[in-house]
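Inspection log for the structure reproduced underneath, given as structure tokens.
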Amino acid sequence: MAGLSLRGIYKKYPGGVVAVSDVNLEIRDKEFIVLVGPSGCGKSTTLRMIAGLEEISEGELYIGDRLVNDIAPKDRDIAMVFQNYALYPHMTVFENMAFGLKLRKVPKDEIARKVEEAARILDLTHLLDRKPKAMSGGQRQRVALGRAIVRQPQVFLLDEPLSNLDAKLRAQMRTEISKLHKRLGTTFIYVTHDQTEAMTMGDRIVVMKDGFIQQIDTPQNLYDQPVNKFVAGFLGSPQMNFIDAMLHQRDGKYVVEFGSNDTKTTRGVKYEVEIPEAKVNENLAHYVDKEVILGIRPENVHDEEMYLSNATTGVIKCTVEITELMGAETYLYLNCEGYPLTARVSPRSTARPQDVIDIAIDPNRIHLFDKETENTIMN
């Protein structure tokens, strides 16, 4: 088994296009690490450089203690699972899973043993004689995983393997892949643009944007302690609310103030959220009387009477525009003096479209970001 080390990795294409910039990443042995970000952020290119399918323009890549920059993909002891399964349509499941071992001249009895063992792990034993066209998407994806497992590689690379599946099957396969990782005890590197997959599967997540790594951390730390507005907005569904605001200091306390940005109203309503003492840090002093961005996650915007009656700060009047009952929760899409806000509330909420309601922002859960750089000021 092996960890990986990416040191100052760049991918530059002709014409000066830089797809990946200065990637430094240490992946521990047996870790499940997820590369996540929007389309075009460089995550799949990074994975393909690890696989050897893309040449590294600059930097060093180690698998274990071995520098592999110039080593052919077949000699890197890795296995890759693709988005489109890449199965041979004329071969049975058994033949698809055995194909790589046959190329390596592995003895027939050993091939049979490895394929049957992988089929048992993936619940494919009863499908070994079928061809891919007679199988569902989920079954084909399991065959693609099986083909990787039989090789017993040091590292598994998975490039958006679930994006072709429907929502229910995707959720099921997420669990299957997580279980598989624990059973095999191998290093997994998984690429996705789906933040739910990243949050539920990864030991650590690498968030990428425009070829740069934004932040590397555990799912919970990324959610609670984002380093910038992009990370804060990318992780979480529905995404974090962002409000243009001003930071003031009054009577020794920091206060975030925001108000009407709706050109149709002249009421000039201003709202305040007082920053609790426990959240104050030295950064805040540099932003007094300056513009900032206030961030608050939908689950920390409350319409329940219990919160409203206890709130001493951050109570706002809003118009309900849309309600979405999700079963276990309800999403309220609100307009608060021209600012769109999303609240994630109890399914028992009585709010209806066009209602004017009070909501309470939990001051202990607010984030502040620099207006210019979008870096985090306070979590």
Side-chain angles (χ1 to χ4, degrees), residues 1-2 4 30 32-35 44 47-54 63 68 71-166 169-170 172-192 197 201:
M1 301 307 163
L4 285 88
K30 301 180 184 175
F32 194 130
I33 199 145
V34 179
L35 307 183
S44 287
L47 198 75
R48 290 172 66 81
M49 285 193 285
I50 294 170
L53 303 176
E54 291 271 5
I63 298 178
V68 298
I71 290 176
K74 67 183 177 63
D75 299 322
R76 292 192 182 193
D77 203 7
I78 48 140
M80 190 155 177
V81 179
F82 296 92
Q83 177 180 345
N84 62 359
Y85 320 136
L87 301 177
Y88 296 106
H90 62 286
M91 292 184 184
T92 64
V93 169
F94 184 97
E95 290 165 341
N96 264 288
M97 288 169 68
F99 186 71
L101 299 177
K102 280 184 180 172
L103 289 182
R104 287 173 170 72
K105 307 282 196 292
V106 175
K108 277 188 177 179
D109 56 340
E110 192 178 337
I111 289 176
R113 181 179 58 76
K114 286 185 172 180
V115 169
E116 281 159 17
E117 185 183 346
R120 192 173 65 254
I121 289 171
L122 294 164
D123 192 23
L124 291 170
T125 306
H126 61 296
L127 300 173
L128 287 174
D129 295 328
R130 276 201 203 169
K131 290 188 176 171
K133 67 181 177 186
M135 300 167 70
S136 69
Q139 289 168 334
R140 287 182 209 171
Q141 190 54 273
R142 294 212 302 274
V143 175
L145 284 166
R147 190 175 50 192
I149 290 169
V150 296
R151 297 206 9 231
Q152 297 178 319
Q154 292 191 77
V155 182
F156 278 88
L157 307 178
L158 299 100
D159 190 7
E160 306 219 20
L162 309 184
S163 57
N164 288 342
L165 305 179
D166 63 55
L169 203 48
R170 228 172 24 237
Q172 188 182 324
M173 285 300 297
R174 278 206 309 265
T175 312
E176 294 295 323
I177 290 173
S178 295
K179 281 199 250 177
L180 187 62
H181 170 249
K182 287 180 171 57
R183 189 176 295 162
L184 297 176
T186 313
T187 308
F188 273 47
I189 306 172
Y190 188 103
V191 160
T192 181
E197 278 178 29
M201 297 172 80

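Ile78 approaches Ala51 most closely through the heavy-atom pair CD1-CA, 3.3 Å. Across every non-hydrogen atom of Met97 and Gly146, the tightest pair is CE-CA, 3.8 Å. Among all heavy-atom pairs drawn from Arg76 and Ile50, the shortest one is NH1-O, 3.0 Å. Nearest heavy-atom pair, Leu87 versus Val143, reported as atom, atom and distance to 0.1 Å: CD2-CG1, 3.8 Å. In this structure, Val93 and Met135 approach most closely via the heavy-atom pair CG2-SD, 3.5 Å. Nearest heavy-atom pair, Thr186 versus Gln154, reported as atom, atom and distance to 0.1 Å: CG2-O, 3.0 Å.
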(request) Show the numbers, then the answer: is there a side-chain contact (heavy atoms from CB on, under 4.5 Å) between Ile177 and Leu162? (result) CA-CA 10 Å; Ile177 290 173; Leu162 309 184; 3.9 Å; yes
(request) Evaluate the criterion side-chain contact (heavy atoms from CB on, under 4.5 Å) for residue pair Ile63 and Asp77; output intermediate values, then yes/no. (result) CA-CA 9 Å; Ile63 298 178; Asp77 203 7; over 6 Å; no
(request) Would you check, one step at a time, whether the test side-chain contact (heavy atoms from CB on, under 4.5 Å) holds for His90 with Glu95? (result) CA-CA 9 Å; His90 62 286; Glu95 290 165 341; over 6 Å; no
(message) Before you tell me yes or no, could you show the steps for Ile149 and Leu180 under side-chain contact (heavy atoms from CB on, under 4.5 Å), namely the whole-Å CA-CA distance, both residues' side-chain angles and the distance that decides it to 0.1 Å?
(response) CA-CA 10 Å; Ile149 290 169; Leu180 187 62; 3.5 Å; yes
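If you take CG on Leu157 and CZ on Phe82, they are separated by 9.0 Å, rounding to the nearest 0.5 Å. Distance check, rounded to the nearest 0.5 Å: OG1 of Thr175 to CZ of Arg170 gives 12.5 Å. Rounded to the nearest 0.5 angstrom, Thr125 OG1 and Glu117 CD are separated by 11.0 Å. With rounding to the nearest 0.5 Å, the separation of CZ in Arg183 from OG in Ser178 is 12.0 Å.
By the side-chain hydrogen bond (donor to acceptor under 3.5 Å, both in side chains) test, Gln139 pairs with Ser136, sequence neighbours left out. By the ring-ring contact (aromatic ring centres under 6.0 Å, His included) test, Phe99 pairs with Tyr88, sequence neighbours left out. Applying the side chain to side chain contact (heavy atoms under 4.5 Å, CB included) rule to Asp109 yields the partners Pro107; only residues at least two apart in sequence or on another chain are considered. Glu110 pairs by the salt bridge (Lys or Arg N to Asp or Glu O under 4.0 Å) definition with Lys114, not counting sequence neighbours. In this view, Glu160 and Lys43, Gln83, Ser163, Val191, His193 satisfy the side chain to side chain contact (heavy atoms under 4.5 Å, CB included) rule, not counting sequence neighbours. The ring-ring contact (aromatic ring centres under 6.0 Å, His included) check on Phe156 picks up Phe188, with sequence neighbours excluded. Residues satisfying the side chain to side chain contact (heavy atoms under 4.5 Å, CB included) criterion with Ala79, sequence neighbours excluded, are Ala148, Arg151, Pro153. Every residue two or more places apart in sequence or in another chain was checked for a side-chain hydrogen bond (donor to acceptor under 3.5 Å, both in side chains) with Gln141, and none qualifies. For the side chain to side chain contact (heavy atoms under 4.5 Å, CB included) test, residues two or more places apart in sequence or in another chain that qualify with Leu169 are Leu165, Asp166, Gln172. Residues passing the side-chain hydrogen bond (donor to acceptor under 3.5 Å, both in side chains) test with Arg174 are Thr200, sequence neighbours excluded.
Within the structure, ring pair (Phe, Tyr, Trp, His ring centres under 6.0 Å) contacts touching residues 109-138 (residues at least two apart or in different chains) do not occur. Note on residues 119-145: no pairs pass salt bridge (charged side-chain N to carboxylate O under 4.0 Å, His left out), not counting sequence neighbours.
Looking at His181, its side chain never comes within 3.5 Å of a backbone N or O of Thr187 through a donor-acceptor pair.
By the 4.5 Å heavy-atom criterion applied to side chains, Leu53 and Met80 are counted as neighbours.
Between Leu158 and the choices Val81, Val34, Leu47, the side-chain contact (heavy atoms from CB on, under 4.5 Å) rule is met once, by Val81.
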